[in-house]
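In what follows, chains are A, B, ... by sequence order, proteins preceding strands, each numbered from 1.
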Number of protein chains: 2
Amino acid sequence: MRTTDLRIIKTKQALHDALLTLLSQKPLEQISIAEICREAKVNRGTFYLHYEQKEGLFEEYFQEIMEDLYQSYEEPYRAVTTLDTNQLDPNTIRIFHHIERFKMFYRIVFSKNVPLTYYYMLFDGIYSLLKRDITSHHVHQMEDHISIDYYSAYQANAIIGLIIQWYRGDFSDSVTMLNQQLAAILKNVRSGG
Amino acid sequence: MRTTDLRIIKTKQALHDALLTLLSQKPLEQISIAEICREAKVNRGTFYLHYEQKEGLFEEYFQEIMEDLYQSYEEPYRAVTTLDTNQLDPNTIRIFHHIERFKMFYRIVFSKNVPLTYYYMLFDGIYSLLKRDITSHHVHQMEDHISIDYYSAYQANAIIGLIIQWYRGDFSDSVTMLNQQLAAILKNVRSGG
DNA sequence: TTACTTATTGAACATCTGTTCATTAAAATC
DNA sequence: GATTTTAATGAACAGATGTTCAATAAGTAA
């Protein structure tokens, strides 16, 4: 099962394409493994050679999306002009652009019947980005008995809380609005709300 | 389908009991609907008359757990003695006792392969408790352009972030530790960490 | 008790799941 | 190009899913 084998690459590509095609027609939970295999013209047994569930296949896409999240986070911050009130955590704030860009994807990730796995993938992504920053920039200012792991989990999931709220309003609020909300919350809480 | 019909009550009770029995033997994802029905001595078609998935059955238990959460939140705060550094949000802090009490349950709720539904049930529970408090106590001190909905979602999910971290360490940290972490984080962030 | 209402049953159906295995064929390696 | 390695196939399996339907029995109401 070396991943460089051309047969494996072809099979996976066919399954990827089939999943994308089907996802444009119906939600993930209504797509069966058998259906994906029919569409991909791949034997069903072959599917189980590479994945355990259709979710595993979906996860491979998610990895690519997470790559974009990391890059969004790294890239220099530009749209500061709209936010006059603060310059806090511009890094954090870029996350909403990423979500917006892949909102079709995140509509799946946040839907009720999907397994928690995807949630954790997003959580882990944001968590590790924040943890890196917290470790390097904030640790010297922090209460010394705060666990960095708990603190990072707290902050990462708080942001996802905003995203959940955003998702539940079908992403109808603008990215700017989300940025402002986060900025205002951080500012408010610091000044002792 | 009136819920007072004795036949319905008996059927649901049998399914509940069967689920509990099976949950003591294996995780939810390994339990099939057919298995539950065999154990409950209820026709499989009858199951579908009341629920769509086994998750729906599990949800009914969750409602009871949520009742306990609400009561935990309401009940007078007692264990303040361990927390000398602050008196902030004692209400919030009582949540960890509740999680601890039902940790067997929450091990299921936070496991990877379970649908997001349960997460949302917990989220909605904490969200509505916080929102009520935020609306009644904090609104006059808050930045006026902060949406209470976003703010509540932020705070509620932040707390769940701590719980996720706790869960991932198999709940080995003490409730006191969690209380201290939350208190320290809130204190830290307020003083401008 | 009787008559009415409706939840439950069992059977059947097409489809899906997860797994196994010998066979085939496509790659990698020499 | 020949040989070796191994991925993919097709067929078959027991069991699960989700749905339908007429028959039954358990409940409600008079």
Side-chain angles (χ1 to χ4, degrees), chain A residues 1-61 108 111-118, chain B residues 1-61 108 111-118:
Chain A
M1 280 283 269
R2 262 183 29 265
T3 46
T4 53
D5 192 314
L6 281 183
R7 289 168 295 183
I8 294 178
I9 293 170
K10 279 185 204 165
T11 296
K12 288 198 164 190
Q13 190 57 56
L15 290 171
H16 281 165
D17 292 350
L19 180 60
L20 257 200
T21 301
L22 293 171
L23 273 178
S24 70
Q25 296 165 15
K26 49 177 128 172
L28 184 64
E29 61 263 34
Q30 282 175 31
I31 299 171
S32 68
I33 291 175
E35 202 172 4
I36 297 170
C37 294
R38 271 197 304 275
E39 173 73 29
K41 292 180 184 36
V42 162
N43 189 276
R44 200 162 53 81
T46 308
F47 179 96
Y48 289 103
L49 239 44
H50 299 290
Y51 309 99
E52 291 190 350
Q53 314 162 307
K54 62 188 172 189
E55 278 76 20
L57 180 57
F58 187 80
E59 264 182 52
E60 289 191 342
Y61 280 112
I108 298 173
S111 61
K112 278 194 320 137
N113 291 313
V114 118
L116 254 186
T117 324
Y118 310 144
Chain B
M1 282 282 268
R2 260 185 30 264
T3 46
T4 54
D5 192 313
L6 280 183
R7 291 168 294 183
I8 294 178
I9 293 170
K10 279 184 203 165
T11 296
K12 289 198 163 191
Q13 189 58 56
L15 290 172
H16 282 165
D17 293 348
L19 180 60
L20 256 200
T21 301
L22 292 171
L23 273 178
S24 70
Q25 296 164 16
K26 48 177 132 174
L28 184 64
E29 60 262 36
Q30 283 174 31
I31 300 171
S32 69
I33 292 175
E35 202 173 4
I36 297 170
C37 295
R38 272 196 303 274
E39 173 73 30
K41 291 178 183 39
V42 162
N43 188 276
R44 203 161 51 82
T46 308
F47 179 95
Y48 289 103
L49 239 45
H50 298 290
Y51 309 97
E52 291 189 352
Q53 316 161 306
K54 63 188 171 189
E55 278 76 19
L57 181 56
F58 186 81
E59 264 182 53
E60 289 191 342
Y61 281 111
I108 297 173
S111 60
K112 279 193 320 135
N113 291 313
V114 118
L116 254 186
T117 325
Y118 310 143

Closest approach to the side chain of [X], judged atom by atom: which nucleotide of [options] is it?
{"X": "B:L6", "options": "C:dG18, D:dT28, D:dA7", "result": "D:dT28"}
{"X": "B:A34", "options": "C:dT17, D:dA7, D:dA16", "result": "D:dA16"}
{"X": "B:L49", "options": "C:dA7, C:dA27, C:dT17", "result": "C:dA7"}

Could you tell me how far apart [X] ([atom1]) and [N] ([atom2]) are, to the nearest whole angstrom?
{"X": "A:I33", "N": "D:dT17", "atom1": "CD1", "atom2": "C1'", "answer": "13 Å"}
{"X": "B:I36", "N": "D:dA16", "atom1": "CD1", "atom2": "C1'", "answer": "12 Å"}
{"X": "A:F47", "N": "D:dT9", "atom1": "CZ", "atom2": "C1'", "answer": "17 Å"}
{"X": "A:Q53", "N": "C:dT17", "atom1": "CD", "atom2": "C1'", "answer": "12 Å"}
{"X": "B:E55", "N": "D:dA16", "atom1": "CD", "atom2": "P", "answer": "16 Å"}
{"X": "B:L28", "N": "D:dA16", "atom1": "CG", "atom2": "C1'", "answer": "15 Å"}
{"X": "A:Y51", "N": "C:dT17", "atom1": "OH", "atom2": "P", "answer": "16 Å"}
{"X": "B:D5", "N": "C:dT6", "atom1": "CG", "atom2": "P", "answer": "9 Å"}

Problem set entry | B/S/- contact track for nucleotides 20-26 of chain C, protein heavy atom under 4.0 Å | ------B
Could you check if a side-chain atom of [X] sits within less than 4.5 angstrom of a side-chain atom of [Y], using non-hydrogen atoms only?
{"X": "A:F58", "Y": "A:V114", "result": "no"}
{"X": "B:L116", "Y": "A:K112", "result": "no"}
{"X": "B:L23", "Y": "B:L28", "result": "yes"}
{"X": "B:I8", "Y": "B:H50", "result": "yes"}
{"X": "B:H16", "Y": "B:L20", "result": "no"}

So, does [X] get its side chain near the phosphate of [N], meaning an N or O under 4.0 Å from OP1 or OP2?
{"X": "A:H50", "N": "D:dA8", "answer": "yes"}
{"X": "A:R38", "N": "C:dC16", "answer": "yes"}
{"X": "A:S32", "N": "C:dT15", "answer": "no"}
{"X": "A:Y48", "N": "C:dT19", "answer": "no"}
{"X": "B:T46", "N": "C:dA7", "answer": "no"}

Problem set entry | Qualifying residue, where the test is side chain to side chain contact (heavy atoms under 4.5 Å, CB included) with A:I36 and the options are A:D17, A:I31, A:T21 |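 The residue from A:D17, A:I31, A:T21 that satisfies side chain to side chain contact (heavy atoms under 4.5 Å, CB included) with A:I36 turns out to be A:I31.
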Exercise. Are A:K26 and A:E35 close enough for a salt bridge, meaning some N to O gap below 4.0 Å?
Worked result: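 Yes, this pair counts.
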Exercise. With a non-hydrogen cut-off below 4.0 angstrom, is A:K54 in contact with a base, only sugar-phosphate, or nothing?
Worked result: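 Result for A:K54 = nothing.
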For this session: Assign each of B:R44 and A:K12 to its nearest nucleotide of DNA chain D by heavy atoms, then name whichever residue's nucleotide is nearer the 5' end.
Result: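 Taking each residue's closest nucleotide, the earlier one in sequence belongs to A:K12.
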